[in-house]
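Below you'll find the structure, written out as structure tokens, and then a few comments.
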Amino acid sequence: MFRTKRTGLVRRLWRSRAPVEGDGEADTRTHGSGGCCMGKSTKVAGKTSAGTEAELKALTHSILKKIKEKQLEGLLQAVESKGGARSPCLLLPSKVDTKLGQQSYSLPLLLYKVFRWSDLRHCSELKRLPCCESYGKINPELVCCNPHHMSRLCELESPPPPYSRYPMDFLKPPDSQALQESGDRSHWCVVAYWEEKTRVGRLYSVQEPSLDIFYDLPQGNGFCLGQLSSDNKSPLVQMVRTKIGYGIQLSREPDGVWVYNRSCYPIFIKSATLDNPDSRTLLVHKVFPGFSIKAFDFEKADSLQRPNDHEFTQQPRTGFTVQISFVKGWGQCYTRQFISSCPCWLEVIFNNQ
């Protein structure tokens with residue numbers, strides 16, 4: 001039977017849809033029993049909660065067949081590469097509703113559910129990434145429906161399990177040579193990559209609003225950890241290094257600095273501005289794949305009471321830091337008590353000038 005190119009694209013897209021929890025294919029690494037990155041979305045919808053598989057397939061096919069061929073190709077590129085390849089926005093009407101079973105969904109929400117997060121309930125659980133044309137726009141007539149131009153929001157209403165607490169001496173300044181070594185005062189932060197207790201490579205100075213930090217990313221442009229020369233022969237370090245994959249995206253935005261986990265494994269973050277400013281301890285937050293977290297808030301950081309004012313006065317050029325570990329966590333619930341015992345981790349040092 002003759003099959004058009006459009007029909008072939010639609011079928012490939014359907015085969016690449018997100019697995020549904022409970023069908024034996026869902027990636028449990030993107031879920032958990034709760035915690036900061038599940039937020040209010042702790043109940044995962046199964047197959048039968050909103051229409052049958054056949055109804056979903058028929059509805060999805062009918063929508064995709066109305067989309068231009070070029071747009072389908074861009075969506076397929078995003079879905080098959082799992083966001084690794086650059087893909088254009090999929091701009092579609094924002095106020096078109098679709099009905100699945102007894103429940104109505106906006107067109108963007110349905111496509112996000114089908115191709116990224118089957119348990120997604122509302123667009124308020126999402127954050128647009130800076131690469132998206134709809135980023136920062138309020139109620140546009142056309143909205144981007146590319147599921148890989150979105151991320152899930154971390155909720156910080158309750159401590160994430162597993163978690164650990166650290167003294168507020170984390171606010172003490174890092175190595176005073178760090179910002180000087182970067183040699184460029186126009187940057188807003190510098191990034192150091194560590195393997196256990198050894199820093200690997202030079203400090204990476206960041207001037208652009210966003211930065212990809214990765215080990216292996218198709219069409220990657222940014223800080224490639226895979227190109228760094230390391231003498232560490234530890235099997236664990238080598239294993240974790242390869243699991244960094246697409247890594248993270250670090251972006252400076254109007255309300256702070258966000259970290260988006262693009263990899264297939266959790267990352268762990270410690271930051272002074274993620275917790276109650278009156279707290280004497282800091283949490284290590286677990287961020288699941290596909291989730292974003294506001295890792296640093298400049299305004300909140302300026303208002304924090306620093307425990308060692310004399311040190312900050314003597315070293316005014318030293319900024320605050322955020323620590324990020326790939327794959328392996330640290331603290332009271334882990335065998336690793338300190339981040340310097342983690343196989344692969346980052347130190348993000350902000351320029352507070």
Side-chain angles (χ1 to χ4, degrees), residues 13 16-18 30 37 39 41 60 63-64 66-98 105-118 120-155 188 206-214 217-222 245-263 267 287-296:
L13 279 164
S16 301
R17 67 191 182 280
T30 63
C37 289
S41 303
T60 304
I63 291 172
L64 294 178
K66 297 175 184 177
I67 298 176
K68 296 178 181 179
E69 232 175 61
K70 188 174 181 180
Q71 290 180 306
L72 288 176
E73 290 174 345
L75 177 60
L76 184 64
Q77 182 183 32
V79 172
E80 288 190 335
S81 71
K82 300 186 184 300
R86 297 189 190 97
S87 57
C89 286
L90 176 62
L91 297 175
L92 299 175
S94 60
K95 298 183 179 180
V96 174
D97 287 336
T98 57
Y105 297 98
S106 67
L107 182 56
L109 179 60
L110 181 70
L111 293 179
Y112 300 152
K113 285 175 66 68
V114 170
F115 294 112
R116 192 86 191 269
W117 300 287
S118 60
L120 185 66
R121 297 183 301 175
H122 196 275
C123 284
S124 62
E125 300 171 25
L126 301 176
K127 176 187 179 298
R128 292 198 177 277
L129 298 172
C131 63
C132 184
E133 289 183 23
S134 299
Y135 176 76
K137 295 181 180 178
I138 301 175
N139 299 324
E141 292 185 7
L142 296 177
V143 66
C144 179
C145 298
N146 186 331
H148 289 279
H149 285 191
M150 308 294 292
S151 65
R152 294 287 287 270
L153 277 169
C154 282
E155 297 285 350
W188 58 271
V206 185
Q207 291 89 26
E208 298 298 322
S210 65
L211 172 70
D212 289 323
I213 305 173
F214 57 93
L217 177 67
Q219 304 175 4
N221 183 23
Y246 293 177
I248 65 171
Q249 184 177 83
L250 190 70
S251 60
R252 177 171 181 167
E253 304 181 28
D255 62 339
V257 177
W258 287 79
V259 173
Y260 167 45
N261 185 1
R262 304 183 67 178
S263 75
I267 60 173
V287 181
F288 288 98
F291 281 77
S292 284
I293 188 170
K294 185 162 72 169
F296 198 78

Check whether any side-chain heavy atom of [X] lies under 4.5 Å from a side-chain heavy atom of [Y], and answer yes or no.
X: Pro147; Y: Leu111; value: no
X: Cys131; Y: Arg86; value: no
X: Ile267; Y: Val259; value: yes
X: Leu64; Y: Leu72; value: yes
X: Cys144; Y: Cys132; value: yes
X: Thr98; Y: Ile63; value: yes
X: Arg152; Y: Leu120; value: yes
X: Pro218; Y: Tyr246; value: yes

Evaluate side-chain contact (heavy atoms from CB on, under 4.5 Å) for Asp212 paired with Tyr260, printing each intermediate quantity in order. CA-CA 9 Å; Asp212 289 323; Tyr260 167 45; over 6 Å; no
Could you go through Ser151 and Arg262, starting from their C-alpha distance and side-chain angles, then the distance that decides it, and tell me whether this counts as side-chain contact (heavy atoms from CB on, under 4.5 Å)? CA-CA 9 Å; Ser151 65; Arg262 304 183 67 178; over 6 Å; no
Between Lys127 and Glu253, is there a salt bridge with N-O shorter than 4.0 Å?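 Salt bridge flag = yes for Lys127 with Glu253.
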Which atom names give the shortest non-hydrogen contact between [X] and [Y], and what distance separates them?
X: His149; Y: Ser87; value: NE2-O, 2.9 Å
X: Pro108; Y: Val143; value: CG-CG1, 3.4 Å
X: Gly222; Y: Leu211; value: CA-CD1, 3.8 Å
X: Thr60; Y: Phe115; value: CG2-CZ, 4.3 Å
X: Gln77; Y: Pro88; value: OE1-CD, 4.2 Å
X: Pro130; Y: Gln249; value: CD-OE1, 3.8 Å

Euclidean distance, [Y] [atom2] relative to [X] [atom1], rounded to 0.5 Å:
X: Phe291; Y: Leu153; atom1: CZ; atom2: CG; result: 9.0 Å
X: Glu73; Y: Glu69; atom1: CD; atom2: CD; result: 6.0 Å
X: Ser292; Y: Arg128; atom1: OG; atom2: CZ; result: 13.0 Å
X: Trp117; Y: Leu109; atom1: CH2; atom2: CG; result: 11.0 Å
X: Glu208; Y: Leu250; atom1: CD; atom2: CG; result: 13.0 Å
X: Glu133; Y: Asn146; atom1: CD; atom2: CG; result: 10.5 Å

Could you go through the side-chain contact (heavy atoms from CB on, under 4.5 Å) check for Arg252 and Ser210 one step at a time? CA-CA 6 Å; Arg252 177 171 181 167; Ser210 65; over 6 Å; no
Gln207 and Trp188: side-chain contact (heavy atoms from CB on, under 4.5 Å), yes or no, with the steps? CA-CA 6 Å; Gln207 291 89 26; Trp188 58 271; 5.7 Å; no
